[in-house]
Protein chains: 2
Amino acid sequence: MDDAIITFISSYIDLTPDEKSVIQAQNIIKTYPKGTVLLAHGDLAQDCFFILKGCVRRYYIVDGDERTTEFFTENQGITPVSYLTKQPSDYYLSCLEPCVIALGSDERNQLLLEKVPKLARLIAQMSTELLVKSQITSDNFKNMNPENRYLHLLETRPDLVARIPLQHIATFLGMTPVSLSRLRKRITLKR
Amino acid sequence: MDDAIITFISSYIDLTPDEKSVIQAQNIIKTYPKGTVLLAHGDLAQDCFFILKGCVRRYYIVDGDERTTEFFTENQGITPVSYLTKQPSDYYLSCLEPCVIALGSDERNQLLLEKVPKLARLIAQMSTELLVKSQITSDNFKNMNPENRYLHLLETRPDLVARIPLQHIATFLGMTPVSLSRLRKRITLKR
DNA sequence: GCGATTACTTAACTAAGGTTAACTTTTTTT
DNA sequence: AAAAAAAGTTAACCTTAGTTAAGTAATCGC
């Protein structure tokens, strides 16, 4: 499990054994039971996260209802807006499953960057990837109606539909759980 | 007008007179008449853009209809996904108004970075800002229905509603022009 | 300034999503 | 294993968005 981070980083840049051990040494890994709130509305995020095992959900509370906007699973990083801006968080992060997560703080990330300068390239590349993905995802969302969003999710991330309660999938797709349930029925009747 | 870029960069980092002239020298500025397509579906983007004057629209063609996903106005940069990925573009960029735009190519950006290394910090900071904005914007879109999206746009970017044809505002908000027209009437009747 | 084009509005109709509440199924807890 | 809680489904009703088409207003090009 500890090696997952090294494996991940190595898929972007080559690491010497020395660099690997520096990274290992800085690597703080924690496990959280299902339901743990990693970040709450109003909190100042102290860490960014890298998911080794499990699933984390990002959500807002709007008029008393939870509205999910993102899911994160194995080998995905989470950099909270609050971590970047140092402002209180607008949203929540919580574990949908028992999770194993690597933590990064400002200080330790700073230290890592000094000891392994080539990580800067990784960060630049990941930022670009994230920006591209985020643009494509939000454009797709705008260009589709709820039904097509669901069909698209089934194609692109069937794993999410399988492992996550439908009520969260529903708000993630911009609709209510009742609508998703009805929509699913409509689709199965069609074919 | 030429100074707009220097002014913009200076709001992030301090520039020496020398650095300013290096940037000025590399600065290629072009004017485009209204309706010019800066990037078409299938094109490989050669440049990224910085809008000095005017308004650019990003849109897709879905089932024969244009679906707008973003507007760019004065002092905003446009980095096409195609520019980053070197893959054919999925979307179009076109000028909604006569535009004055600064162009950046890979080669010239590379050269600029070598001559003015502190620009790297600007780029890093802008990337972060972009990512944060993009996350907040797309979360907001998910959390609102069409009516609230329109009201929110009126509050946050009234300039767009004033200067851009409603048909494009409509698809940008995820609905049809007919719906937006009806919705506007509904709102005015309410108050 | 006039004709042509484009943008916007309105109306009628259809389809889909929101809301509430009852009910069933599944999961969790003890 | 039983009870409690949570998740999912279904139905009825209401509101809103999509569609098509016609009509009005605004803008553009010559």
Side-chain angles (χ1 to χ4, degrees), chain A residues 32-37 54-55 57 59-68 71 94-98 141-154 160-190, chain B residues 32-37 54-55 57 59 61-68 71 94-99 141-154 160-190:
Chain A
Y32 300 95
K34 174 175 172 173
T36 307
V37 173
C55 179
R57 174 170 76 100
Y59 65 97
Y60 296 73
I61 293 187
V62 182
D63 299 332
D65 290 326
E66 294 185 358
R67 308 277 318 173
T68 299
F71 300 110
S94 88
C95 302
L96 277 177
E97 304 171 359
F141 191 92
K142 259 186 205 179
N143 289 339
M144 292 185 218
N145 59 23
E147 175 166 339
N148 287 332
R149 281 179 210 146
Y150 177 67
L151 294 173
H152 184 247
L153 188 70
L154 276 182
L160 290 186
V161 183
R163 82 197 277 191
I164 292 169
L166 283 186
Q167 47 175 330
H168 299 138
I169 301 277
T171 63
F172 174 68
L173 295 174
M175 62 184 138
T176 62
V178 177
S179 288
L180 178 56
S181 184
R182 181 169 42 196
L183 187 157
R184 278 157 56 93
K185 194 184 181 189
R186 202 167 64 219
I187 291 171
T188 54
L189 289 179
K190 270 189 196 166
Chain B
Y32 300 95
K34 175 174 172 173
T36 307
V37 173
C55 179
R57 176 171 74 101
Y59 64 98
I61 293 187
V62 182
D63 299 332
D65 291 325
E66 294 184 358
R67 309 277 318 176
T68 299
F71 300 110
S94 86
C95 301
L96 278 176
E97 304 171 0
C99 285
F141 191 93
K142 258 185 204 179
N143 289 339
M144 291 186 218
N145 60 21
E147 176 166 338
N148 287 333
R149 281 178 210 146
Y150 177 67
L151 294 173
H152 185 248
L153 188 70
L154 276 183
L160 289 186
V161 182
R163 81 196 279 191
I164 292 168
L166 284 186
Q167 48 175 329
H168 299 137
I169 301 279
T171 62
F172 174 68
L173 295 174
M175 60 185 140
T176 61
V178 177
S179 288
L180 178 56
S181 184
R182 182 168 41 196
L183 188 156
R184 277 157 57 92
K185 193 184 180 186
R186 202 166 65 219
I187 290 171
T188 55
L189 290 180
K190 271 189 197 166

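Convention: sequence-line order gives letters A, B, ...; per-chain numbering from 1.
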- Determine the contact category for A:P146: base if any of its heavy atoms lies under 4.0 Å from a base atom, sugar-phosphate if only primed atoms, P, OP1 or OP2 are that close, otherwise nothing. sugar-phosphate
Verify the contact: side-chain N or O of [X] to OP1 or OP2 of [N], cut-off strictly under 4.0 Å; return yes or no.
{"X": "B:S181", "N": "C:dT9", "result": "yes"}
{"X": "A:K185", "N": "D:dG8", "result": "no"}
{"X": "B:T176", "N": "D:dG18", "result": "yes"}
{"X": "B:R184", "N": "C:dT9", "result": "yes"}
{"X": "A:R186", "N": "C:dA15", "result": "no"}

- Message: With heavy-atom distances below 4.5 Å as the criterion, would you say the side chains of A:F172 and A:R149 are in contact?
- Response: no
- For A:L180 and D:dT10, what is the distance between atoms CG and P respectively, to the nearest whole Å?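 Distance, rounded to whole Å: 12 Å.
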- Message: Between A:R67 (side chain only) and A:Y60 (backbone N and O only), is there a donor and an acceptor less than 3.5 Å apart?
- Response: no
- For the side chain of A:T68 and the backbone of A:T171, is there at least one donor-acceptor N/O pair under 3.5 Å apart?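 A pair under 3.5 Å: no.
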- Message: By nearest heavy atom, map A:P177 and B:M175 onto DNA chain D; which one lands nearer the 5' end?
- Response: A:P177
- Item | Ring geometry between A:F141 and B:F141 (parallel below 30°, tilted from 30 to 60°, perpendicular above 60°) |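 Geometry flag for A:F141 against B:F141: perpendicular rings.
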- Which of these, A:R163, A:K34, A:R57, sits in a salt bridge (charged side-chain N to carboxylate O under 4.0 Å, His left out) with A:E97?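 Testing A:E97 for a salt bridge (charged side-chain N to carboxylate O under 4.0 Å, His left out) against A:R163, A:K34, A:R57 leaves exactly one candidate, A:R163.
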- Can you name the closest pair of heavy atoms from B:C95 and B:Y32 and give their distance?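 Looks like SG-CB, 3.9 Å.
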- Angle of first-five versus last-five pair axes in the helix from C:dG1-D:dC30 to C:dT30-D:dA1, to 10 degrees: 60°
- Query: Closest nucleotide of DNA chain C for A:N145 versus for B:L166: which of these residues is on the 5' side?
  - Reply: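 Final value for this comparison: B:L166.
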